[in-house]
Amino acid sequence: MSDTSTAAPAAKPFALTDGAKVHVIANPQSAGGATSKRWDELLATINRAVTPITGKPVEWSLTTGPWDAARLTSQALRDGADQIIAVGGDGTIHECINGFFENARLINPDAVLALMPAGTGGDYRRTFGIPTDIEQAADICARGDARSVDLGRISYVADDGSKETRYFNNIASFGLSGVVDRAVNKATWPKMLGGKFTFAWCTLWAALRYKPEPVRIKMDERYDEVFNVGTAAVAIGQYFGGGMHMAPMAEPDDGVFDVVIMTDTTLKDLVAGDGDLYKGTHIQSPKVIATRTRTLLALPIDENAEVLIDIDGEAPGRLPASFEILPKAIRLRS
């Protein structure tokens with residue numbers, strides 16, 4: 001006689017369970033301060049999704065300044081958090097990612113990161129299709145699969161001349177994008193018209209002033225060329241700049257960077273050049289090189305040139321810089 005019973009479905013990997021400790025790290029100044037105004041709503045929505053599973057309300061912390069999210073994430077993980085929920089934009093996620101590490105090691109290798117998008121750009125969540133609707137995003141925070149995704153490690157020259165190292169989860173780049181980042185971070189009125197407009201406006205503003213610099217780029221000990229770099233992106237995720245589809249072929253868990261180098265980029269190229277950055281068709285341009293690598297070294301030919309870098313939407317320094325992929329380094333609920 002055949003067994004017609006139905007087996008229980010297998011548990012999702014690293015699913016939230018009864019008693020799990022969830023800590024929310026929120027940037028109240030994200031989305032131009034809108035997160036602060038709707039914080040009670042966001043917290044209530046997260047609790048409605050998470051508490052029925054864990055049996056207790058989430059713990060939470062609000063950031064008050066730069067790198068607070070990293071510090072608060074580290075503390076929460078040391079205090080036993082099983083999952084961190086980042087509420088904010090790409091900068092908040094970036095800081096939380098760095099907070100997972102201490103002395104170049106994960107504080108808790110089993111801990112999971114989840115996202116509640118609430119920021120200007122929202123580029124990292126686009127690769128995974130995480131919605132901006134807070135009810136849907138909260139449901140993913142509570143019930144989504146936890147997949148292992150890649151991170152990058154970058155060493156660079158900070159603004160004060162010191163050498164720094166940090167982790168990145170989406171895209172690190174250099175050239176025009178670094179100038180754009182600084183313009184976006186200083187922008188005020190453009191943010192009232194949304195993230196996409198802000199990045200587009202600042203990109204055009206920066207392109208009027210930017211001159212491509214020659215940079216020596218070495219990859220995996222097999223590739224060594226000099227390019228006049230407009231923007232060079234070292235990508236794990238696909239999007240940056242408020243929805244620009246910079247690396248359309250990137251996969252966040254394939255163990256390699258997708259590298260997209262836009263050479264001799266001018267304002268005319270951005271406005272009326274071959275392909276569309278928002279559609280990802282720019283990689284068809286003869287001025288664009290697209291390849292893959294596990295490591296990359298970028299050295300400005302002119303040692304006095306200031307080639308600015310962008311790390312997940314932040315602009316902390318300049319070249320020279322080295323990039324290294326860390327395959328499946330962290331778990332993300334998506």
Side-chain angles (χ1 to χ4, degrees), residues 25 27 30 63 65-78 84 86 88-109 111 113 115 119-121 123-124 127 149-175 177-182 184-185 231-237 239-241 246-247 250 252 255-259 293-300 306-332:
I25 308 290
N27 176 7
S30 62
T63 65
W67 283 99
D68 256 11
R71 178 182 61 81
L72 293 168
T73 296
S74 293
Q75 187 61 57
L77 291 170
R78 285 194 295 268
I84 301 293
D90 290 312
T92 304
I93 298 167
H94 172 75
E95 288 194 21
C96 287
I97 287 286
N98 278 269
F100 269 69
F101 291 85
E102 190 171 58
N103 299 323
R105 298 174 65 90
L106 286 168
I107 295 172
N108 177 2
L113 177 68
L115 314 179
T120 302
D123 286 309
Y124 188 53
T127 294
V149 296
D150 302 337
L151 295 179
R153 182 162 50 207
I154 175 173
S155 298
Y156 60 95
V157 179
D159 287 335
D160 64 3
S162 64
K163 292 185 178 180
E164 291 191 359
T165 298
R166 65 169 73 180
Y167 300 91
F168 65 96
N169 50 283
N170 187 37
I171 294 179
S173 62
F174 50 90
S177 56
V179 181
V180 171
D181 272 356
R182 298 193 179 209
V184 168
N185 291 336
T231 287
V234 183
I236 297 169
Y239 297 87
F240 82 160
M246 185 63 177
V256 292
F257 292 125
D258 275 52
V259 179
T293 188
R294 291 179 175 82
T295 62
L296 185 144
L297 178 65
L299 305 165
E306 188 178 61
V307 183
L308 300 177
I309 60 174
D310 147 47
I311 308 176
D312 291 341
E314 303 296 313
R318 63 184 187 273
L319 298 185
S322 62
F323 307 74
E324 175 191 3
I325 195 75
L326 304 177
K328 299 184 185 299
I330 196 171
R331 296 186 178 98
L332 177 75

Distance check, rounded to the nearest 0.5 Å: Asp312 atom CG versus Ile236 atom CD1? 7.5 Å
Do Leu299 and Leu319 come within less than 4.5 Å of each other through their side chains, counting heavy atoms only? no
Donor-acceptor pair, Glu95 side chain versus Trp67 backbone, under 3.5 Å? yes
Ser30: partners by side-chain hydrogen bond (donor to acceptor under 3.5 Å, both in side chains), with sequence neighbours left out: Thr35
Residues in salt bridge (charged side-chain N to carboxylate O under 4.0 Å, His left out) with Glu314, at least two apart? none
Are the side chains of Val157 and Pro320 in touch, meaning some heavy atoms are under 4.5 Å apart? yes
Suppose we screen for salt bridge (charged side-chain N to carboxylate O under 4.0 Å, His left out). Which residues come up paired with Arg318, at least two apart in sequence or across chains? none
For a quick test of reading the model, state the closest non-hydrogen atom pair linking His94 to Asn98 and the distance between them. O-ND2, 2.9 Å
With sequence neighbours excluded, what pairs up with Arg78 under the side chain to side chain contact (heavy atoms under 4.5 Å, CB included) test? Ser74, Gln75, Glu102, Ile107
Taking atom CE of Met246 and atom CG of Asn170, what is their separation to the nearest 0.5 Å? 11.5 Å
Not counting sequence neighbours, which residues clear side chain to side chain contact (heavy atoms under 4.5 Å, CB included) with Asp160? List them please. Ala158, Ser162
Interatomic distance, Ser322 atom OG to Ile154 atom CD1 [nearest 0.5 angstrom]: 7.5 Å
Please lay out, stage by stage, how Ile97 and Phe168 fare under the test side-chain contact (heavy atoms from CB on, under 4.5 Å). CA-CA 7 Å; Ile97 287 286; Phe168 65 96; over 6 Å; no
Please identify each residue that fulfils ring-ring contact (aromatic ring centres under 6.0 Å, His included) with Phe100, with sequence neighbours left out. none
Who passes ring-ring contact (aromatic ring centres under 6.0 Å, His included) against Tyr124, sequence neighbours left out? Phe128
Partners meeting salt bridge (charged side-chain N to carboxylate O under 4.0 Å, His left out) with Arg166 (sequence neighbours left out): none
Residues at least two apart in sequence or cross-chain that pass side chain to side chain contact (heavy atoms under 4.5 Å, CB included) with Phe101, listed by chain then number, are Leu106, Leu151, Tyr167
First locate atom CD1 of Ile84, then atom CD1 of Ile93, and finally report the distance between them rounded to the nearest 0.5 Å. 13.5 Å
Shortest non-hydrogen contact from Pro300 to Val307? CB-CG2, 4.2 Å
Could I get the full list of side chain to side chain contact (heavy atoms under 4.5 Å, CB included) partners for Ala247, not counting sequence neighbours? Ala235, Ala250, Asp258, Val260
Checking Asp310 now: which residues fulfil side-chain hydrogen bond (donor to acceptor under 3.5 Å, both in side chains) with it, not counting sequence neighbours? Ser173
Ignoring hydrogens and angles, tell me if any N or O in the side chain of Asn169 forms a donor-acceptor pair with the backbone of Gly152 under 3.5 Å. no
Say whether, by atom type as modelled, one donor and one acceptor occur between the side chain of Asp150 and the main chain of Gly255 under 3.5 angstrom. yes
Sequence neighbours excluded, which residues qualify as ring-ring contact (aromatic ring centres under 6.0 Å, His included) partners of Phe323? none
OG1 (Thr73) and CD1 (Ile25) are apart, to the nearest 0.5 Å, by 4.5 Å
